[in-house]
Amino acid sequence: MKTALITGASGGIGFAVVKKFIENGYFVVAQYNKGAAEIERLSSELKERGLADYLFPFRCDFTDSDSVKELISYLEINFKRLDVLVNNAGMDYYALSVDTPEEVFDKIFAVNVKSAFTLSNFAVKGMRIKGFGRIINVSSVWGVKGACMESVYSASKFALGGFTKSLAQEVASDGITVNCVCPGVTDTKMNDRFSEEEKSDIVADIPVGRICKAEEIADVIFFLTGKEADYITGQNIVVDGGFTL
């Protein structure tokens with residue numbers, strides 16, 4: 001049985017990714033921080049379908065180094081290795097750069113970048129032994145073009161894309177691929193701050209004429225773990241309905 005670690009599992013995309021992997025026979029370690037209610041809802045949904053035994057929730061705060069160590073220790077004790085790592089955890093902050101406190105900058109980079117760095121380094125060790133592994137980092141279109149009022153978030157997502165390209169070169173000979181999925185505007189709680197009018201304006205700028213579904217991002221992520229994607233590595237794959245064209 002294959003094992004995947006999916007971070008940010010309580011968010012909209014993470015929720016969909018966890019379900020996708022479990023539905024396809026994976027044991028899933030689902031990292032979350034503040035989304036206990038969402039994880040409980042996910043567990044209940046899977047229980048109704050007879051799939052609850054495939055879910056292993058673990059609370060970890062990526063801004064706390066001791067909490068991160070506890071997650072890694074849990075993985076080392078309970079799982080021989082990871083076949084797939086999906087670095088999906090993300091933190092946003094909507095403000096001008098000059099109005100963004102330094103402590104917010106540090107938190108965003110801890111969650112969005114450092115967690116991916118730390119967990120990828122851990123995962124690679126076991127993946128090398130097997131000669132197979134898949135690491136998928138979840139970035140954003142704002143990590144491709146940058147977003148006004150989200151400068152630090154955008155910077156963290158650009159960093160994640162750069163890390164993807166560098167790590168992909170380092171581990172390719174070990175049978176490990178590393179890719180980055182960059183979702184466009186997706187129907188998740190992160191975008192609830194927008195009014196219906198603002199969402200309509202956003203949709204007007206999307207050639208396919210609608211906001212992305214979290215399940216569509218999950219489908220792309222899962223595709224990158226399969227044999228059909230063996231020759232794809234080091235890529236920033238934009239899934240945005242043409243928004244950045």
Side-chain angles (χ1 to χ4, degrees), residues 3-22 26-43 45-46 54-64 67-68 70-72 74-75 82 84-94 104 106-120 122-123 134-143 150 152-154 156-157 159-161 163-164 178-193 212-222 224-225 237 239:
T3 301
L5 167 60
I6 297 165
T7 69
S10 62
I13 291 175
F15 198 100
V17 174
V18 170
K19 287 173 60 178
K20 183 72 175 181
F21 275 79
I22 288 178
Y26 277 76
F27 287 129
V28 174
V29 180
Q31 178 276 336
Y32 70 100
N33 185 19
K34 297 179 180 179
E38 286 77 9
I39 291 296
E40 182 60 34
R41 180 165 66 88
L42 174 60
S43 180
E45 184 177 324
L46 291 170
Y54 292 87
L55 177 68
F56 298 84
F58 194 94
R59 184 185 178 279
C60 175
D61 180 355
F62 286 135
T63 68
D64 181 343
S67 184
V68 176
E70 289 174 5
L71 171 58
I72 290 176
Y74 171 80
L75 293 168
L82 294 175
V84 175
L85 168 62
V86 180
N87 290 307
N88 171 68
M91 175 182 174
D92 194 7
Y93 190 76
Y94 195 69
V104 171
D106 292 339
K107 285 183 178 180
I108 288 175
F109 268 75
V111 174
N112 296 5
V113 184
K114 189 176 180 180
S115 68
F117 165 78
T118 302
L119 293 175
S120 295
F122 164 75
R134 298 288 181 262
I135 297 174
I136 298 98
N137 298 317
V138 180
S139 179
S140 166
V141 290
W142 305 134
E150 294 179 276
V152 178
Y153 176 78
S154 296
S156 71
K157 294 302 188 178
L160 193 58
F163 175 64
T164 296
V178 188
N179 289 290
C180 194
V181 174
C182 305
V185 181
T186 307
D187 188 14
T188 67
K189 287 185 178 180
M190 184 178 285
N191 292 311
D192 283 349
R193 65 171 179 264
C212 185
K213 299 174 184 177
E215 290 77 11
E216 292 175 299
I217 304 301
D219 287 343
V220 175
I221 290 171
F222 190 76
L224 290 170
T225 69
I237 300 171
V239 187

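We use all heavy atoms of the structure for the numbers below, so side chains are in, but hydrogens, waters and symmetry mates are not. Everything quoted here is computed from the prediction, not taken from an experiment.
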Problem set entry | Reported CG-to-CG distance for the pair Leu119 and Leu82, which is rounded to 0.5 angstrom | 8.5 Å
Seminar exercise, completed: Arg134 and Leu224 have their tightest heavy-atom pair at CD-O, 3.4 Å
Exercise. When the ring planes of Phe56 and Phe27 are compared, do they come out parallel, tilted or perpendicular, using 30° and 60° as the limits?
Worked result: perpendicular
Exercise. Between the side chain of Arg59 and the main-chain N/O of Asn33, is any donor-acceptor distance below 3.5 Å?
Worked result: yes
For this session: Would you name the heavy atoms of Gly12 and Ala214 that are closest together and state the gap between them?
Result: O-CB, 3.5 Å
Problem set entry | Euclidean distance, Leu5 CG relative to Ile72 CD1, rounded to 0.5 Å | 9.5 Å
Problem set entry | Interatomic distance, Ile6 atom CD1 to Asn87 atom CG [nearest 0.5 angstrom] | 10.5 Å
Problem set entry | Any side-chain heavy-atom pair of Leu46 and Tyr54 under 4.5 Å | no
For this session: Determine, using ring centers only, whether Phe222 and Phe21 are less than 6.0 Å apart.
Result: yes
For this session: For the residue pair Val68 and Asp64, establish whether any side-chain heavy-atom pair is separated by less than 4.5 Å.
Result: no
Problem set entry | Pair Ser67, Asp61: side-chain N/O donor-acceptor within cut-off below 3.5 Å | no
For this session: Check for a donor-acceptor pair, side chain of Thr186 on one end and backbone N or O of Gly184 on the other, with a separation under 3.5 Å.
Result: yes
Exercise. Once you round to the nearest 0.5 Å, how far does CZ of Phe62 lie from CE of Met91?
Worked result: 13.5 Å
Exercise. SG/Cys212 to CG/Asp187 distance, rounded to the nearest 0.5 angstrom?
Worked result: 9.0 Å
Exercise. Closest approach of Val18 and Ala30, non-hydrogen atoms and distance?
Worked result: CG2-CB, 4.2 Å
Exercise. Looking at residues at least two apart in the chain, or sitting in another chain, which of them share a side chain to side chain contact (heavy atoms under 4.5 Å, CB included) with Glu38?
Worked result: Ser10, Lys189
Exercise. Under the 3.5 angstrom rule, does the side chain of Ser120 hit a backbone N or O of Phe117 as a donor-acceptor pair?
Worked result: no
For this session: Working to the nearest 0.5 Å, report the span between NZ of Lys114 and CD1 of Ile108.
Result: 15.5 Å
Exercise. Just by modelled atom types, is the Lys157 backbone N or O under 3.5 Å from a matching donor or acceptor in the Ser139 side chain?
Worked result: yes
Exercise. What are the two closest non-hydrogen atoms of Asn112 and Tyr153, and how far apart are they?
Worked result: ND2-CD1, 3.7 Å
Exercise. Can you tell me if Thr164 and Asn137 form a side-chain donor-acceptor pair at under 3.5 Å?
Worked result: yes
For this session: Not counting sequence neighbours, list each pair that qualifies as a side-chain hydrogen bond (donor to acceptor under 3.5 Å, both in side chains) and has a residue in residues 12-22.
Result: Lys19-Glu45, Lys20-Asp219
